[in-house]
Amino acid sequence: MFEHIPAYPGDPILSLNEDFHRDARLGKVNLSIGIYFDAKGLLPVLRVVQHAEQALQGERGEGPRPYLPMSGIASYREAVQALVFGTDGPLLRDERVATLQTLGGSGALKVGSDFLRRLFPQSQVWISDPSWENHRVVFEGSGFTVHTYPYYDAATGGLQFEAMMAAIAALPPRSIVLLHACCHNPTGVDLSHEQWLQLAPVLRERESIAFIDMAYQGFGAGLDDDAFAVRTLAQAGVACVVANSFSKNFSLYGERCGGLSVVCADADEAQRVQGQLNGTVRANYSNPPTHGAKVIAAILNDAELRRQWTTELSDMRERIAAMRRSLHADLSSRISSPRLDRYVQQRGMFTYTGLTAGQVDRLRIEHGIYLLRSGRLCIAGLNAGNVGQVARAIAAVMAT
Ligand code: PMP
């Protein structure tokens, strides 16, 4: 029956991660997958998460586990809205946002993409060149044709803003434009505030649907600053669909916590959109899981726990920035190249190093250092114990 089925080629990022774990060398360094490791190279369990989990324990553990509603836990959804859109401003007061609790950022992308495909069957999708590999996979999986718009400038390690604007300004109405809110994956190159302000009217005039992916809120400049794109586009009257993830900023990868929000014209429209979103969930997995969402809702809805969380999140952000500076300084002491500035100019977990696939292969084979073959390096895998070794190896492959 299944003999004709070809082998799954695997996800390039996850396969590389498996190769890393199989590698027996002692000094190996994993800078491939987008996961934050702490200064000791460990996956952190945030203290605030431990506190919240302890507080949820009653006589019968966490208590009974009924099905959640299709849309998820109400207090979690409200907390998502406040975090993503901010508490001041008319959007939430006027109940113009429909929101789901989703299975991570990926679940939000999938439900959002299925929802749009059903309701905008004529639309096509544009993602940045390059983008996170799974964007194309998810949107094509829903049946969309996926194109790219210019984004990364390989020559400068920065943004091709003029070309990006020109491409978006020429899109047919109701095109879906996938944008990264902050900490662009894979390049670490973001739009400035001024550039978002320039892009907003173009999207509105072209009647585009901005699908904003915010997987790294808090890892760029801070929780509010990183949401600047979302809030600017929403306030400018752009039709916005927003996927947010708590995998990284709560270090709760396996709990699969995220949110999908659609900004509507008024409360009545938001209610109808909410119903259709719920229907899309019903057709996918019926309703989301409980534990992680309870923990996150408890933290976000309690002033003291929330303060603890923002402090731990700032520590993660600052550690990444310190590692950027450290790698840059060490590399600069070994080689001189205009390519090094990008290590400190790009933001978030990733740097697009500009290393070729051949150089990346040499890093892996000769030095046990794992990057993506695109040259993407996860800064959050660096620590004081390995940054010197990584700098030495990068300098070596750049020099020969
Ligand atoms: N979007 C982007 C840009 C990402 O980098 C990631 C995670 N690698 C996701 C979405 C998915 O997030 P999650 O792990 O919460 O599904």
Side-chain angles (χ1 to χ4, degrees), residues 11-17 30-37 43 49 72 76 80 83-84 100-114 125-142 146 148 151-152 176-191 210-220 226-227 229-230 241-261 281 284-285 288-289 291-293 295-296 313 316 320 346-352 371-372 374 376-381:
D11 177 277
I13 303 180
L14 300 181
S15 319
L16 198 60
N17 197 45
N30 191 0
L31 306 176
S32 62
I33 195 161
I35 291 183
Y36 176 90
F37 294 102
L43 189 67
V49 166
Y76 174 97
V80 164
L83 196 66
V84 171
L100 291 174
Q101 172 192 332
T102 59
L103 279 73
S106 306
L109 288 164
K110 170 64 180 159
V111 173
S113 153
D114 280 0
V125 175
W126 273 260
I127 62 176
S128 59
D129 179 20
S131 199
W132 181 46
E133 281 85 351
N134 219 24
H135 282 146
R136 175 177 291 281
V137 175
V138 168
F139 285 101
E140 286 183 348
S142 297
V146 178
T148 58
Y151 191 81
Y152 180 68
I176 298 163
V177 183
L178 192 288
L179 297 157
H180 298 231
C182 61
C183 309
H184 183 271
N185 179 4
T187 66
V189 173
D190 289 337
L191 274 70
F211 198 135
I212 312 172
D213 185 2
M214 184 157 61
Y216 300 94
Q217 188 179 9
F219 279 89
D226 291 351
V230 172
V241 177
V242 186
N244 77 288
S245 167
F246 292 123
S247 300
K248 326 266 158 155
N249 55 17
F250 275 88
S251 193
L252 281 174
Y253 303 84
E255 291 295 344
R256 313 308 297 131
C257 294
L260 178 70
S261 300
V281 167
N284 264 299
Y285 51 83
H291 174 79
V295 172
I296 290 172
L313 180 56
M316 291 196 274
I320 293 176
Q346 297 169 348
R347 292 200 317 169
M349 279 203 186
F350 305 113
T351 277
Y352 229 38
L371 270 61
L372 299 194
S374 60
R376 188 191 84 169
L377 179 152
C378 181
I379 297 277

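For ligands, and for the atoms within them, numbers begin at 1 and follow the listed sequence.
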Quick look: Y216 vs ligand 1, heavy-atom contacts under 4.0 Å, and the answer is side chain

Per-atom filter on ligand 1: closer than 4.0 angstrom to a heavy atom of R256 are 13 (P), 14 (O), 15 (O), 16 (O)

Using a 4.0 Å cut-off to any heavy atom of D213, which atoms of ligand 1 qualify? 1 (N), 2 (C), 3 (C), 10 (C)

Treating Y76 as the side-chain partner and G292 as the backbone partner, does any N or O pair qualify as donor plus acceptor under 3.5 Å? no

For N185, counting its heavy atoms only, list the atoms of ligand 1 lying under 4.0 Å from any of them. 3 (C), 4 (C), 5 (O)

For atom 14 (O) of ligand 1, what is the nearest protein heavy atom, given as residue, atom name and distance? S247 OG, 3.3 Å

F246: which of V80, T102, L252, V295 passes side-chain contact (heavy atoms from CB on, under 4.5 Å): V80

Indicate yes or no: does an N/O atom of L103 lie under 3.5 Å from an N/O atom of ligand 1? no

Residues S131 and H180: side-chain donor-acceptor under 3.5 angstrom: yes

With a heavy-atom distance limit of 4.0 Å, tell me whether S106 approaches ligand 1 through its side chain, its backbone, both, or neither. both

What atoms in ligand 1 come closer than 4.0 Å to a heavy atom of G105? 12 (O), 13 (P), 15 (O), 16 (O)

Show the numbers, then the answer: is there a side chain to side chain contact (heavy atoms under 4.5 Å, CB included) between V138 and S106? CA-CA 8 Å; V138 168; S106 306; 6.0 Å; no

Which heavy atom in L103 sits nearest to a heavy atom in P289, and how many Å separate them? CD1-CD, 4.0 Å

Given 3.5 Å as the limit, does a donor-acceptor pair link the side chain of D190 with the main chain of C183, or not? yes

Counting from 1, what ligand 1 atoms have a heavy atom of S245 closer than 4.0 Å? 12 (O), 13 (P), 15 (O)

Note: heavy atom closest to atom 7 (C) of ligand 1, options H135, H180, K248, belongs to K248

Looking only at the aromatic ring of each residue, does the gap between the centers of Y152 and H184 stay below 6.0 angstrom? no

